[in-house]
Amino acid sequence: MKKSNTEGEPKIFARSRIQSSGVRARKIFGEAIVVVLFLLFSFLLMFHTFGYDSAQKNILIARTLWSDFGSHIPLIRSFSMGNNWPPEYPIFPGEPIRYHFLFYLLVGMLAKIGFRLDWALNLPSALGFALLLWGIWTLATTLFKNKAIAFLSILFFLFNGSLSFIKFFTRQPLSFRDFPAFGPWDGGVITAFWNLNIYTNQRHLAWGFALGIWFLVWVVSSKKPIIGALLWGLSIGALPYFHQPTLIIMAILMGTNFLFFPRLRLPILIAASIGLFLIAPQLLTMPKTESLSWFPGYLIHDKLSIINFLSFWFQNLGLHTILIPFGFFILPSRAKKILLPLFFLFILGNLFKFSMEVAANHKFFNFALILGNMISAYVIIRMRVPILVGILILSGLIDFFVIVNDTKGPLPDVGNNQTASWIAANTPKDALFLNSSFLYHPASLAGRKIFLGWPYFAWSAGYDTYGRMAEMRTMYESKNPTVFCPLLKKHTISYITVEDTKGDPNLPNIDVSYFLDNYKPAFEDADGKLRIYSFLVLCPPS
């Protein structure tokens, strides 16, 4: 008798299941390799630019990070070694903080529980950057089902497509020590915001961008949107104090996807409602700044014309200025809906100023370009023009080698800095210092607040640095206790540092001999160059 075909079906099904599980296993293994590579790159990048020498008690800061970390270190230390709750900006204390501080609060808490400073900062920094890389890879793979496009999306993100390579090759001699373009600070048109330096400096930026990218991944692949909506609502609710520009980015992403994806309208509405519920009390308590204003043209506002506008963006984005708009029209329909917000962000950043410093709009352009890179990658793969890749990454490669060749310089920390060590051991954790220098003041290293840090940092966050500088000069330069004592008391200043500031026009002109002749210092460093005086000695109770 002939056997029925059904007798063989269980074996076929079993074989099919085995093959299917093998495919899934290979897919999971491949994805794990990708994630490990992203993590490895991220940790190498962060530790290459920031470290700590435990033996010598030195903070190791890369040259390209030296300026920005002059605000980050005081903020971290105010949480790990000081008493900064409710939070104030430790380089402009006396009012509620305006700066989004939650990332640095986390770093401070990690340091407080025993993490070495470099691990406390580099660990969350590397995780955030790796999460962003993985998000870009996942979104591009999900949208286009093509790993070559995902690979190019990552490549274009890491190595920018600006035309700064032209400036590089005109320099003599050729050098990988400095970025060839660093506008607006070098006076050039091509800005400093396209290379990886913005992520090594602004350590919370990658987390903000990762949030936006993974939101888009959720839009295109979510199978349980209601559960996701609850998590997105909580995440959005933390943004005012975590990363304020991402709040605007998320509002645009949620708005466009609410229109294009009817199945997600209820989940997006739930997420937005939860977010607004959590955001409202923060907005009510945050200090108000008159920072939002009409400001067309971004960094070329004063020279805005159609020709200048097109020239500015072609020099900054290179061939992406052609590939992105062209590629958008040939994208698959779903990809168009997902990537459309990049144009809204680009327009928004070119029309308005959202903070005192218009250069801060770069965050909108950076995020828009992350999405735009996927379009450029799609065009190159579909049109089969790989020759363009070299031009699109050349400037980024040059910038990358500048970071690779960067070296870390030592900053003597508590334990190696005599003044900072004395402050840490002998002053209250909530003490406020009138400071005779700005960047990396010993009181900042010890976690104490200083009256005014480098003014650019506080000014860009919306603080009245001009008024405070005037008071700072009065307190230091007036030799009349009836003038400076009321100001010291008004600002609850506990100590002042005194050192020779002649030759620095940014600082008050301190007459060191006046303090030596009239007051006994609580501390004097070994070189006799810096002294600390207490408020009670300067202004004894009557």
I want to check something: taking the side chain as every heavy atom from C-beta on, are I236 and M254 in contact at a cut-off of under 4.5 Å?
yes
Quick check against the 3.5 Å criterion: does N308 have a side-chain atom that pairs as donor or acceptor with the backbone of L304?
no
Is the closest basic N to carboxylate O distance between R63 and D178 below 4.0 Å?
yes
Below 4.0 angstrom, N of the basic side chain to O of the carboxylate: do D186 and K167 qualify?
yes
Return the orientation label for the H204 and Y99 ring planes: parallel under 30°, perpendicular over 60°, tilted otherwise.
tilted
Considering residues, nucleotides and ligands other than I113, do more than 12 of their heavy atoms fall under 6.0 Å from its CD1?
yes
Show your working on ring-ring contact (aromatic ring centres under 6.0 Å, His included) between F295 and H301 and close with a plain yes or no.
CA-CA 7 Å; F295 201 87; H301 172 75; 3.9 Å; yes
Measure the spacing between OG1 of T64 and CG of N197 and express it to the nearest 0.5 Å.
4.5 Å
Nearest heavy-atom pair of T142 and S221: which atoms, and what distance?
CG2-CB, 4.5 Å
Can you confirm whether the side chains of R98 and S460 place a donor and an acceptor under 3.5 Å from each other?
no
With a 4.5 Å heavy-atom cut-off, do L158 and L196 have their side chains touching?
yes
Would you sort out whether F151 and W137 count as a ring-ring contact (aromatic ring centres under 6.0 Å, His included), showing the intermediate values?
CA-CA 7 Å; F151 174 76; W137 172 271; 7.6 Å; no
Tell me if a side-chain donor or acceptor on R203 pairs with a main-chain N or O of T200 at a distance below 3.5 Å.
yes
Heavy-atom count around I307 CD1 within 6.0 Å, excluding the residue itself: above 12?
no
Are any non-hydrogen side-chain atoms of F129 and W207 less than 4.5 angstrom apart?
no
Would you verify whether the NZ or CZ of R468 falls within 45 degrees of the ring axis of Y463 while also being under 6.0 Å from that six-membered ring's centre?
no
Could you tell me whether R171 atom CZ has more than 12 heavy atoms of other residues or ligands within 6.0 Å of it?
yes
How about CE on M109, more than 12 heavy atoms from neighbouring residues, nucleotides or ligands closer than 6.0 Å, or not?
yes
Between H320 and F156, is the ring centroid distance below 6.0 Å?
yes
Can you say whether the rings of F179 and F182 are parallel (under 30°), tilted (30 to 60°) or perpendicular (over 60°)?
parallel
Answer yes or no: are there more than 12 heavy-atom neighbours, outside F401 itself, under 6.0 Å from its atom CZ?
no
For residues N160 and D399, is any side-chain donor paired with an opposing acceptor at under 3.5 Å?
yes
4.5 Å side-chain heavy-atom contact, I338 and F261:
yes
Is there a side-chain contact between D464 and W459 in this structure, where contact means two heavy atoms from C-beta onward sitting under 4.5 Å apart?
no
Between K408 and H48 (side chain of the first, backbone of the second, donor and acceptor by atom type, cut-off under 3.5 Å), is there such a pair?
yes
Using modelled atom types and a 3.5 Å cut-off, is there a donor and acceptor pairing between side-chain atoms of N84 and backbone atoms of P87?
no
Under the ring-ring contact (aromatic ring centres under 6.0 Å, His included) rule, what do F176 and F168 come out as? Steps first, then yes or no, please.
CA-CA 9 Å; F176 288 100; F168 173 80; 5.1 Å; yes
Side-chain donor-acceptor pair under 3.5 Å between S395 and S164, yes or no?
yes
Hey, is the main chain of L317 close enough, under 3.5 Å, to the side chain of T321 for a donor-acceptor pair?
no
When you measure from the side chain of E31 to the backbone N and O of K27, does any donor-acceptor pair fall under 3.5 Å?
no
Determine yes or no for a side-chain-to-main-chain donor-acceptor pair under 3.5 angstrom, with D53 supplying the side chain and A55 the backbone.
yes
Just wondering, are more than 12 heavy atoms of other shown residues or ligands nearer than 6.0 Å to NZ in K336?
yes
For the atom pair CD1 (I300) and OG (S305), what is the distance rounded to the nearest 0.5 Å?
7.0 Å
Indicate, with yes or no, if the rings of F365 and H362 have centres closer together than 6.0 Å.
no
Whether S42 side chain and A130 backbone form a donor-acceptor pair below 3.5 Å
yes
Quick test of your reading of the model: are R77 and D413 salt-bridged, counting only N-O distances below 4.0 Å?
yes
Should we say atom CH2 of W454 is surrounded by more than 12 heavy atoms from elsewhere, each under 6.0 Å from it?
no
Would Y52 and W119 count as a ring-ring contact (aromatic ring centres under 6.0 Å, His included) here? Give the steps.
CA-CA 9 Å; Y52 197 89; W119 274 98; over 10 Å; no
So I450 and F438, side-chain contact (heavy atoms from CB on, under 4.5 Å) or not? Walk me through it.
CA-CA 9 Å; I450 61 175; F438 289 133; over 6 Å; no
Is there a donor-acceptor pair under 3.5 Å between the side chain of H243 and the backbone N or O of A238?
no
If we only count heavy atoms from C-beta on, is the I213 to L371 side-chain gap below 4.5 Å?
yes
When F43, F69, W66 are each screened for ring pair (Phe, Tyr, Trp, His ring centres under 6.0 Å) with F50, the one that passes is F69
Test W134 against every option in F41, W214, F38 by the ring pair (Phe, Tyr, Trp, His ring centres under 6.0 Å) rule and name the one that passes.
W214
Can you measure from CD1 (I375) to CD1 (I149) and round to the nearest 0.5 angstrom?
11.5 Å
With side-chain contact (heavy atoms from CB on, under 4.5 Å) as the criterion, how do L452 and I91 come out once you've worked through the C-alpha distance, each side chain's angles and the decisive distance to 0.1 Å?
CA-CA 5 Å; L452 177 62; I91 58 173; over 6 Å; no
Taking V402's backbone N and O only, do any of them form a donor-acceptor pair with R177's side chain (distance below 3.5 Å, no angle check)?
no
L174, CG atom: more than 12 neighbouring heavy atoms under 6.0 Å:
yes
Please round to the nearest 0.5 Å and tell me the distance separating atom CG of L117 and atom CD1 of I73.
5.0 Å
side-chain contact (heavy atoms from CB on, under 4.5 Å), that's the test. Do F367 and L253 meet it? Break it down for me.
CA-CA 11 Å; F367 189 85; L253 296 181; 4.0 Å; yes
To the nearest 0.5 Å, tell me how far M374 CE sits from L216 CG.
8.0 Å
Working note: N316 + W194, criterion side-chain hydrogen bond (donor to acceptor under 3.5 Å, both in side chains); need CA distance, chi angles, decisive distance, verdict.
CA-CA 8 Å; N316 276 275; W194 308 120; 2.8 Å; yes
Parallel, tilted or perpendicular: rings of F309 and W313 (30°, 60°)
perpendicular
Does any part of the side chain of F364, heavy atoms only, come nearer than 4.5 Å to the side chain of N361, both counted from C-beta?
yes
Within the structure provided, determine whether I59 and P410 are in side-chain contact (heavy-atom separation under 4.5 Å).
no
d(R448 CZ, N435 CG) to nearest 0.5 Å is 15.0 Å
Sub-6.0 Å ring centroid separation between F79 and Y104:
no
